Amino acid sequence: MTKPLNIGMIGYGFMGRAHSNAYRKVNNFFDLAYRPVLKAVCARSADKAKAFAEQWGYEAVETDWRRLVERKDIDVIDICTPNNTHAEIAVAAAAAGKMILCEKPLSMNGAEGQKMVAAVEKAKVPNMVWYNYRRVPAVTLAKQLIDEGRLGRIFHYRAKFLQDWTINPELPQGGAGLWRLDAAAAGSGVTGDLLAHCIDTALWLNGRIDSLSAMTETFVKERKHNLTGKVEKVGIDDAAAVMARFDNGSLATFESTRYARGHKALYTFEINGEHASIFWDLHDLHRLQYFDHRDQGIVRGWRSIHVSDGDHPYMGKWWVPGLQIGYEHSFVHQAADFLEGLATGKPAQPDFRDALRTQYVCDAILDSAKSGKWVEVAKG
Ligand code: SOE
């Protein structure tokens, strides 16, 4: 018998769908002690909440997140709202004793993130941040290969996340769908939205980042604001380029932009070690490229590992060897790991404290870009 875990979802956008889909599928593929129940969805617009509830199978709707948080029949609050609302909701949910799953980035900045960490740790409620790319099987395999020591000493970490959807200067900022362009709602631009993914993966695979130097640029300086109807200054970073030093002595470069014409979501990373290198590309997400210098010379070369066999991470739970899965499954895996963590008492990562480390790196990037100086990353 699985134990029901009642979900209260706040928000109904892209991530509301990705998480709801994960809750619906997870028990079909993973044997778990807990089973998410889509109890209630909350949105300010009753019509939109109702339509979402109908489409995804939520039992009830709320239009005020405070009511949802106070409901006795809700076990987990899932925060899928714009970044500027994460902290207030999470602190209230923790005080009400709810488990919290929060969409990335954790918060607008490190200071806000600290309050969220303090709230969940004081309330001792399970918590997690949805950095889903860790759970793409090829990325999890990269972690396994690194942890097994196959790369040896690591020299370089190189990551990029490139998009092109904000090049049009007529695109407004603010409101549903476009809050990512509004600094008041998002906190930052590509740094918190895209680089945060690269940083989360990097910290997981290669450890702490000690210091960095960054530049950012806002290419379109003014955009009409959807909420005020006026042309307003754009406060987000449209592009960021970062040089960083890891605690293990390796060097990194990170780049992110929404102005790379032709790239829709090109997240790539390459890691070069003493013995071996790995490369991963979100557009080809089921493959891990691996080069091992210890191979016999005449056959040495880059191997393209199709991460779809039963002994690859997570893959034994899906179809048969050779048949691949995709983006949505990374959320199913993260939900499975969270539920597994509840059962075993070994919490799934990244929890709020772990995700705060990414926030500190984001803060350092924005500070360095502003000051033009090399900066130390806050420790935590
Ligand atoms: C932005 O376009 C975005 O949707 C991010 O917000 C997501 O976190 C990323 O995974 C894909 O791109």
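Computed from a predicted model, the values in this text were never measured in an experiment. First listed ligand is number 1; within each ligand, the first listed atom is number 1.
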Exercise. How close does the nearest protein non-hydrogen atom get to atom 7 (C) of ligand 1, and which residue and atom is it?
Worked result: His197 NE2, 3.7 Å
Exercise. Is the number of heavy atoms from other residues, nucleotides or ligands under 6.0 Å of Lys160 NZ greater than 12?
Worked result: no
Exercise. Tell me, which protein residue and heavy-atom name are nearest atom 10 (O) of ligand 1, and how many Å apart are they?
Worked result: Tyr133 OH, 2.6 Å
Exercise. For Met15, is the nearest heavy atom under 4.0 Å from an atom of ligand 1?
Worked result: no
Exercise. Looking only at N/O atoms, are Arg180 and ligand 1 under 3.5 Å apart anywhere?
Worked result: yes
Seminar exercise, completed: Heavy-atom proximity to atom 6 (O) of ligand 1, picking from Val190, Asn132, Thr166, Asp193, points to Asp193
Exercise. To which protein heavy atom is atom 12 (O) of ligand 1 closest, and what is the distance rounded to 0.1 Å?
Worked result: Gln163 NE2, 3.0 Å
For this session: Check each of Asp193, Asp237, Asp164, Asp238 against Arg258 using the salt bridge (charged side-chain N to carboxylate O under 4.0 Å, His left out) test, and report the only one that passes.
Result: Asp193
For this session: Indicate, with yes or no, if Leu266 and Val242 share a hydrophobic cluster defined by side-chain heavy-atom contacts under 4.5 Å among Ile, Leu, Val, Met, Phe, Trp and Tyr.
Result: no
Exercise. Would a line drawn from the ring center of Trp280 to the ring center of Tyr290 be shorter than 6.0 Å?
Worked result: no
Seminar exercise, completed: Among non-hydrogen protein atoms, atom 4 (O) of ligand 1 lies closest to Phe14 CE2, 3.3 Å
Exercise. Quick one: do Leu251 and Tyr157 end up in the same hydrophobic cluster if we chain Ile, Leu, Val, Met, Phe, Trp and Tyr together by side-chain heavy atoms under 4.5 Å apart?
Worked result: no
Exercise. Going by heavy atoms, is Tyr267 under 4.0 Å from ligand 1?
Worked result: no
For this session: Show which atoms of ligand 1 fall inside a sub-4.0 Å distance from at least one heavy-atom site of Lys104.
Result: 5 (C), 6 (O), 7 (C), 8 (O)
For this session: Assess whether atom CG of Asp31 is packed by more than 12 heavy atoms of other residues, nucleotides or ligands within 6.0 Å.
Result: no
Problem set entry | pair Glu217-Tyr259: side-chain heavy atoms closer than 4.5 Å | no
